[in-house]
Amino acid sequence: MFGKDKKAKAMVDDLPAEFRKIQTRYNLPPGDFPNPEAFKCDLEAFKIVDFNKLSLKLIGSADDALSVDFPKLMQKFPTDSRRSADIGLPESSGFEREGSGGGGGGSGRSSEKPPLQRHLDTPLGSVVPYPPPYSAMSAAASSSSGRNPFGEDMTERNPGILRYRSLFDEISDPQRKMLAGESARQVLSSQSGGLSNEWLREVWNIADWDMRGELDPVQFEVAMRLCEHLKNKEPLDVAKQQVFGELGLLNRFNQ
């Protein structure tokens, strides 16, 4: 028992390292983790060795509730007006090369184009919406979705819905659920409406906030929406505030 207590204390004393292990193993964004010092204070009130072992079945049920059930429930509540706030983000770029547009061709063994190339010409905003993983509790629909027995298009009612999730699923790594930097570059360059590499570099700096050189589903959504706003000649700082507000990310970067 003493050995378990010692191991538990070592874990609590080095929570940032433990968070990084969990982040890598389960492909989680850094924003999903609490402040390490505050969390350490909370843990000290418990005896960790008495905690139950991780149940993947329970985790799956909780994930279903967060990604499916809660968004449906929150769509019945009015949309709250969220305040804009400054977002400080690190600088990193996935667009270091000029030109070299979609490098897609290759010597494919099949006549059918790969998923990435099939979507390079897809217009912005024309993909199927998915429920949001981050903003289910903050970006709710303005009225009930039960009025139409055939369902309603919730894309405009709930700005937190991931409109580019189906595209992401087709062109990303199906195991890791991540989109490599080069694949992201091809899509953004193709669908950005002629934005320069300088603008796309700024978009990447914002979307790749953890500087991994690749994007998860929400980061990809951020990048695509920023391109929409920039294509409409909107200022980048205004676009950033709006996109992060819609996706429920403002509070995560102002903790």
(request) State the CG-CD1 distance between N27 and I22, to the nearest 0.5 angstrom. (result) 13.5 Å
(message) Is it the case that the side chains of D32 and Q23 hold a donor-acceptor pair, with the cut-off being a distance below 3.5 Å and no angle test?
(response) no
(request) Scan residues 34-46 for pairs that pass salt bridge (Lys or Arg N to Asp or Glu O under 4.0 Å), counting only residues two or more places apart or in two chains. (result) D13-K40
(message) Using modelled atom types and a 3.5 Å cut-off, is there a donor and acceptor pairing between side-chain atoms of E234 and backbone atoms of A239?
(response) no
(request) Identify, with sequence neighbours excluded, every residue that meets side-chain contact (heavy atoms from CB on, under 4.5 Å) alongside P174. (result) none
(message) Restricting to salt bridge (charged side-chain N to carboxylate O under 4.0 Å, His left out), what partner residues turn up for E18, sequence neighbours left out?
(response) K21
(message) Counting only heavy atoms from other residues, nucleotides and ligands, does the tally under 6.0 Å from CZ of F19 exceed 12?
(response) yes
(request) Would you mind listing every ring pair (Phe, Tyr, Trp, His ring centres under 6.0 Å) that reaches into residues 213-233, with sequence neighbours excluded? (result) F168-F220
(request) Output all residues satisfying side-chain contact (heavy atoms from CB on, under 4.5 Å) with D237, sequence neighbours left out; order by chain, then residue number. (result) P235
(request) Compare all side-chain heavy atoms of D173 with those of L179 and state whether any distance is below 4.5 angstrom. (result) no
(message) Taking the basic N atoms (NZ, or NE/NH1/NH2) and the acidic carboxylate oxygens, is any pair closer than 4.0 Å for D208 and R212?
(response) no
(request) For D14, check side-chain contact (heavy atoms from CB on, under 4.5 Å) against everything at least two apart and list the hits. (result) P16, A17
(request) For R176, enumerate each residue passing the salt bridge (charged side-chain N to carboxylate O under 4.0 Å, His left out) test, keeping only those at least two apart in sequence or located in another chain. (result) E214
(request) Can you sort out the partners of F46 under ring-ring contact (aromatic ring centres under 6.0 Å, His included), two or more places apart, ordered by chain and number? (result) none
(message) Regarding K231 and E228, does a basic nitrogen lie under 4.0 Å from an acidic carboxylate oxygen?
(response) no
(request) For the pair S189 (side chain) and R185 (backbone), establish whether a donor and an acceptor sit closer than 3.5 Å, ignoring hydrogens and angles. (result) yes
(request) Could I get the full list of side-chain contact (heavy atoms from CB on, under 4.5 Å) partners for S61, not counting sequence neighbours? (result) none
